[in-house]
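For reference, the structure discussed in these notes is given below.
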Amino acid sequence: MTDHAMNAGQVWYGPQAWSYFSIVIGIVMILIYRWFHVNALNATRKQLLAFTFSMTTYFFAMCSPLAYLGHMASFSAHMFQQSLMYMVFPCLFLVGVPSNWYAHWMKIPSVDRLFRLMTRPLVTVLGFNALFSFYHFPIVFDTAMSHPILHTGYHLLLQVTSFQMWWSMLTPIPEQSRLSDLKKIAYIFGNGVILTPACALIVFADHVLYNTYSNIDPSLQWLSPMDDQQLGGVLMKIIQELSYGIVLATTFFAWHRVERAKDKEEIASITMVFPNGGEA
Amino acid sequence: MASHSNESHAVDYKKAKSKHSAKLHYLTFSLSMILTVISFYIVGNIIDPAREYAITSWTFGLPFITLLAIVQALFQLIFWMHMNEKGHLFPAMGIALGGFIAFTAVIATVYWLGW
Amino acid sequence: MAGAVKRYSGLMDWLTTVDHKKIGILYLISAGIFFLFGGVEALLIRLQLFFPEQNLFGENTAEIFNQLITMHGTTMIFFAAMPLIFALMNAIVPLQIGARDVAFPYVNALSFWLFLFGGVLLNTSYLLGGAPDAGWTAYAALSTKAYSGSGVDFYVLGLQIAGLGTLIGGINFLVTIINMRAPGMTFMRMPLFTWASFVTSALVLFAFPAITVALVLLMFDRLFNAQFFEVAGGGNVVLWEHIFWIFGHPEVYILILPAFGIISEVLSTFSHKRLFGYGTMVFATALIGFLGFMVWVHHMFTVGLGPIANAIFAIATMLIAVPTGIKIFNWLLTMWGGHIRFTAASLYAIGFIPTFVIGGMTGIMLTLPPADFQFQDSYFVVAHFHYTIVGGLIFGMFSGMYYWWPKMFGRMLNETMGKISFWFFFVGFHMTFFIQHWLGLDGMPRRVYTYLAGQGFEKGNFISTIGAMLMGVSIIVMMINIIVTQMKKADAPADPWDGRTLEWAISSPAPEYNFAQLPRVRGLDALWIEKMAGNKGMIPAEPLAEIHMPSPSIMPFVKALGLFIAGYGFMFNGNTKATSLPVVGFVFEHYILAAAGVAVFLFGMFLRSVYDDQGFHIPIEEIHVDQEENA
Amino acid sequence: MFKKWRSRWRLGALLPLMIWLMTGCSQENLSTLIPAGPVAREQLWLMKFSLGVMLIVFVVVIAVFFYVLVKYRKRKGQTGIPEQVEGNHTLEIIWTVIPFIMLFVLAIPTIMYTFKFEKVYSASEAIQVKVTGHQFWWEFEYPQYGFTTGQDLYIPKGKQIQFELTSKDVIHSFWVPAIGGKRDNNPGLINKMTLLAEKEGVFKGKCAELCGPSHALMDFKVIVLDENDFNTWSQKMRAKPEPMDLSPLAAKGKELFTKNSCISCHAVGGNGGVLGPNLTNFADREMVASIRKNTTENVKAWIKDPNSIKPGNTMFKGYSPYPNFSDDDLDALAAYLESLHVYKK
Amino acid sequence: MSAHSHPGVLPPHPESATLEGRNKLMGFWLFLGGESVLFGCLFATFLGLRGHSDDLLAKNPAEFFDLTTVAWSTVILLVSSLTSVLAILGMHKRNTKQIYLWFTVTVLLGLSFLGLEIMEFSNYTNHDSFHFTQTAYASSFYTLVGFHGAHVLFGTLWISLLLLQLTRKGLTVVTAPKLYVAALYWHFVDLVWVFIFTVVYLMGKVA
Ligand code: HEA
Ligand code: HEA
Ligand code: CUA
Ligand SMILES: [Cu+2]
């Protein structure tokens, strides 16, 4: 375990606390986006807004002391950060990127094939959920937390798979969409269901599961380890429910809108073909 | 009456497709067997009830064999029960919902029986 | 290629029918009779509580009272409310989606007969040693052999048999709605009542297995000496509560969602406007249905499960208020800007709104665990659920009855009598149950056969009983209305209310095959669209042809009868005088009767599997005749 | 058409009339609306708070409801079809978000109080009482003092009482509405609950879970004494007193009591059974079997035929034949029982 | 929409060729969803009540269950599930001989499973005095595993009956859905067994 000697004071300005590296990555992402926006096709207002929010989430989750707190002191902080990175950031990001920007990369056949493989619903539903659930095994969790390389690697994997999972729900490239609206709703729902066991087992555990949090600098503690653990599980569930719920609702209402539009078409055809009423 | 040539094409197509499916079914069978053997082996020979937190303890073993059971169940569900084919949206939803409610019932009863 | 057409008439017609419309009528009549039973039980309850320290039924008043409340609750919920719902679902859902029948007509008939025999079994308990007396919730230890009489056996077996019927009924409607919609009838074009039936059927599918398990456990404890709920054997009484309420809470949403569907239909028809926010209403219905499975512990706040359990389920329950509220507002806005007509049907729907909202409000008050510590098992809860059930479900069902009576019977119920009945019911209802909130707050517990004088409960109980009598008057007026109406000629118009949905496109009552030609659906409120485009009816989606119908069969009746007999066979296994008689005792004690009954049922399944039903065809000439008659 | 509105006004008047009628009925030592302890008070606050939030909702709904009914009812001769409105996205969001916020506001004190009321006090901080529910009477054991009593629960004013609730047969529920909410008495399990009484007096308790025919009659009393009086009482009870100088009638009664298996169920002083309520301080009780006034007549009637007073109760359960007491025997027993005083303020 | 079949021409996937067939499949899948909840509640009862009963199993979990028998039962059931799948594949190939062969094997394996289970139960009841009426744990054990066994029994009877029907009527669009549904049922029963051997027997080794 890294030095617990680090006291509260060092938290607030040290490179670990502010993850300078992640800040750099974030800035790079913004620059790339801006380049595209200016040189390729403009992003719409809604997409710009979504992207801004996604980057704000990113910076808050990865670059603020939240990440540090999550690793050192508080399971609930860690859960909060994770939820932001896998449940909020990816969907805002995907909504914020216009679909025709992907065309550049899709021109390369191997990239296209890789994409298609990685976005198969069966792959995505199992990938993220399995990795995420597995992560919360005490052994896996503690090991990952104590070895920085494993830790970064696993989190990167989680990030990629989370993007895959959200891809099927939000389908930025409509032409490649594999799921009908109804299927999408089932998919979102199914994902939420699959994630429940992991959260439930954490919330209802009767002892502290993770060694990582069993001896923390008391100045960084704000809840007892058990309460902290339970709060973490609850937070994770709530944020997950919220983000999935919102996407579920928007998908549902998008479906509804499409259906009502179909209605209008058919009604127009009636009045067109049978202006005086009558039989077929 | 369909002409013979059409029918035979249909039969050939079906034969080809079903050979492919048969492979998946055998794969599911083998996987199920392997997972079952692993579960039994772990419980019979590996797990040491005396230890509390090591990888050979029940703390790891219990969730692990549960995971194996779930994986096996999923494979059987998806391949043997043809859930990977078209037109299985509602059946999938039905089983998913049923499983979810069953799981909720189990969790609540196990944790909250007032003992 | 159909065999000899076997079409019965008279009593045999009703005993062998597999026609969803007739089955709907059978459900309606049975529900009505059981509703009268439950209502009489309610009146007796209220009469006993009219004055303090009464013994209306002599020296066994306490025991009899406990039997009355148990039977009142069980009969009303399982044998009056649910079959009423199934009656309307059967009669109307296939019509609304443009289908000719449900997916499994034979199973549909079986559902009905199982329900009926279950209800009859339960009610024979009065004559065979006493009705169940452990409350409709039959909490263990009280419901085990040691602390209750033979009545609970009737409860267990009666509900088990009826529950089986309901479960397969739920599956039936789910498959019907998924697979048998008319061309063009996409999910998003289904009327709200069909959506509500769909979600309700899903709730039935997932909730009834839980009560099945609970009843099995109780049955094993009582009949076979299992130890599930015996403390000495390591059993746990809270287990019963969990499994019962895992069923019980979805059950109340099963009760209310169809009513929600009816209100949507009635309010939009009688305001001459389309439903406001259709998409949201569908989403809210599905959400309520789903969330309904995760809140059951709110019935167990005082069981001592701990603050975490209580807190989680309190929050989850509060969430359900949001989609429910959305529905209320959407209904109000449906009426907004419309031309509201006040008929008996719409009065019930309109009266529903404030009444159900009050019920929902007290529900939210109940869902706060610290407050529930005071409310639990007091008359406050009785007030809450009668507001939601009577003020919600029954108002909705009555509204649907008046609305769809012409479609089912070809006659219109008398409007004046309907309105009189409504006002008596409305005033009587509030009088009966509003005051009960106070009784609960003042410390009157539930399920008490009497109360001591001088504790402040006299006034409330007195007023409450008067209100119940007013409701009784209302029901009598309604019964007279029904009798008078049914004696009239069946000449109601196909579309008396200027309706918007498919069922109004066919004659009243609907012909045997529903649609001569399946209609082409072009949008939401399919009939309304055609009307607005100037068409007189629906455009057909297929040419006129022979219609294939399923054959009637006596087997559902026989199979249900088999289980009915098996029920008796299981219960009387050594505890009664009958078993002391030589042959009879042998038969009962060795479960011969039970086995025989089950064997009849299994044999029926065997026959059904082996003899494939070819059905029969309705020739085109007959269809033409019907069409001319109804022109 | 106007007839409808007249009858509606009548209905409108009925509701406040009923409310007014009922407010006179709440009894001081029984109603949840007149709290006598902090738990009941906080629970009442929550009840009123939630009612307030709900009333806001109700007022809004009713206002729109009546407006719509009056303004948009179909007038005579009105033709045409009103505008068909599909929906309004903004409105949907508004009436989703606002209830959410209202519920959130409601949830906060709820969660706080939910956790607060589960606090368990240790032996040094509170008086411990083990409550065991039986069909149809209540047993109260004071482990810190080492004695058991029944039917009447004596507690001191102003001190935390830590209850441990269980049952010997079916599920009961221990409820003192004026002092605080209830918890169930589950057989084979133990529930913990704390209450505190702020006023002296006699409060009524009820059983709040159907437990058989006499569930309605399973009342009990909570007698809140000044702390000193409580100490006196508990010292006396601890000493397991038995009346010393008995009148000859009472002495005969005591003999009958010991000979007639009463003692196998009931304990007086230090000896006796536990199948029935402890009768050490029986004469202090206001009620016999908690529902009849404690007079000689009633005591005699009770002993003669308990089942007629409390149907289904377990006194003499399984005794065949039912013990038959002559009138003299009953007088003696009653006299004995009436001599079982301990301490009455 | 009619139940007639034209001789000689069986469509691919005969079980979903008619509306009735599709209805049967959908209805059965939904029924399985309900059965999941049913078994879920039985599992909940079992898990909730274990550990608080005072019986031989609770006192001596590690030695009580004989894992060899359970392993054999599992293998038998697993193989029988495979054979039922092969039977349906045969049905898709319209090869009735294969249907007979594989389904008969399935039935025989099912019966052997039942035989093993009956032996096991009588062993516990007679040798180890672990009766149904002993403790709550025992009651829930027998109820859960017994219910599953009853399902296996019903399945074997059902499949046998269908094989008889196959001889009389041949493979048609009417009989095909019945066979398909029976195979689904059998798979489900095996699926439940996966959870039973994991939760009851394997986990039963720990107190
Ligand atoms: C039709 C049946 C029905 C319905 C629909 C409901 C609906 C609700 N019920 Fe009720 N209930 C019963 C039937 C029903 N109930 C029965 C039979 C029992 C007792 C069983 C027994 O023990 O015998 C019971 C018991 C019961 C209890 C247990 C009480 C106890 O035993 O101590 C609780 C506690 O949470 C509860 C809560 C609720 C809630 C929160 C709703 C909610 O769904 C209500 C939601 C509706 C609204 C809230 C109104 C409309 C909304 C708005 C206008 C929007 C704005 C609102 C807010 C911002 C809040 N109910
Ligand atoms: C669908 C459900 C439903 C319905 C509609 C009703 C309707 C009514 N209920 Fe009840 N009720 C329950 C479900 C229902 N109830 C449940 C589940 C319980 C809890 C049970 C338990 O605690 O276990 C309960 C409990 C209950 C109690 C509490 C008993 C107690 O706790 O001690 C009371 C008390 O007033 C009551 C009263 C009434 C009244 C006055 C009506 C009225 O609305 C009834 C209307 C009156 C009539 C319909 C009478 C008409 C009939 C005639 C006039 C007959 C004459 C004609 C002929 C015979 C030919 N009900
Ligand atoms: Cu004790 Cu009711
Ligand atoms: Cu509920």
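In what follows, every chain begins at residue 1, and chains take the letters A, B, ... in the order their sequences are listed. All figures in this text were calculated on a predicted structure; none of them were measured in a lab. Scope of the values below: all heavy atoms of this structure, side chains included, with no hydrogens, waters or symmetry mates.
Within the 4.5 angstrom heavy-atom criterion, only side-chain atoms of E:Leu86, from C-beta onward, approach chain B. For E:Phe46, no part lies near chain B; criterion is any non-hydrogen pair under 4.5 Å. Only the side chain of B:Leu113 comes within less than 4.5 Å of a heavy atom of chain E; its backbone N, CA, C and O stay farther away. The parts of B:Val106 that come within reach of chain E are both its backbone and its side chain, each placing non-hydrogen atoms under 4.5 angstrom from that chain. If you measure heavy-atom distances from B:Leu62 to chain E, the contacts under 4.5 Å come from both the backbone and the side chain.
The most heavy-atom pairs under 4.5 Å with chain E, out of B:Ala105, B:Ser32, B:Ala92, come from B:Ser32. The most heavy-atom pairs under 4.5 Å with chain E, out of B:Ala108, B:Ser39, B:Gly44, B:Ala69, come from B:Ala69. Per-residue heavy-atom pair counts under 4.5 Å with chain B were compared for E:Val192, E:Leu49, E:Val199, E:Leu202, and the maximum is reached by E:Leu202. Each of E:Val79, E:Leu30, E:Ile88 has some count of heavy-atom pairs under 4.5 Å with chain B, and the biggest count is that of E:Val79. For the set E:Val37, E:Leu32, E:Leu82, E:Val70, the entry with the most heavy-atom pairs within less than 4.5 Å of chain B is E:Leu82. Considering only heavy-atom pairs separated by less than 4.5 Å from chain B, the leading option among E:Ala44, E:Ser16, E:Cys41, E:Gly40 is E:Ala44. Interface check for chain E: of the options B:Gly99, B:Ala73, B:Gly94, B:Ala96, the most heavy-atom pairs under 4.5 Å are formed by B:Ala73. For the options E:Phe39, E:Tyr180, E:Phe31, heavy-atom pairs under 4.5 Å to chain B are most numerous at E:Tyr180.
Inter-residue side-chain proximity for B:Leu77 and E:Leu191 is flagged as met; some heavy-atom pair is nearer than 4.5 Å. Under the 4.5 Å side-chain criterion, counting only non-hydrogen atoms from C-beta, E:Phe195 is not in contact with B:Thr66.
Between B:Phe103 atom CZ and E:Phe43 atom CZ the span is 14.0 Å, to the nearest 0.5 Å. Once rounded to the nearest 0.5 Å, the distance linking CD of B:Gln72 with CG of E:Asp190 reads 7.0 Å. Summarising the geometry, atom NE2 belonging to B:His88 is positioned 7.0 Å from atom CG belonging to E:Leu25; distances are rounded to the nearest 0.5 Å.
The nearest pair of heavy atoms linking E:His187 to B:Gln76 is O-OE1, 4.3 Å. Contact record, B:Trp80 with E:Leu78: CH2-O, 3.9 Å, taken as the closest heavy-atom pair. Taking all atoms of both residues into account, the shortest heavy-atom contact from B:Phe40 to E:Leu67 is CE2-O, 3.7 Å. Considering every non-hydrogen atom in both E:Gly33 and B:Ile95, the closest pair reads N-CD1, 4.0 Å. Taking all atoms of both residues into account, the shortest heavy-atom contact from B:Ile65 to E:Thr198 is O-CG2, 3.7 Å. When every heavy atom of E:Ser36 is checked against every heavy atom of B:Ala102, the shortest pair comes out as O-CB, 3.6 Å.
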Stepwise, does the side-chain contact (heavy atoms from CB on, under 4.5 Å) test hold for B:Thr36 with E:Phe197? CA-CA 9 Å; B:Thr36 310; E:Phe197 85 70; 3.6 Å; yes
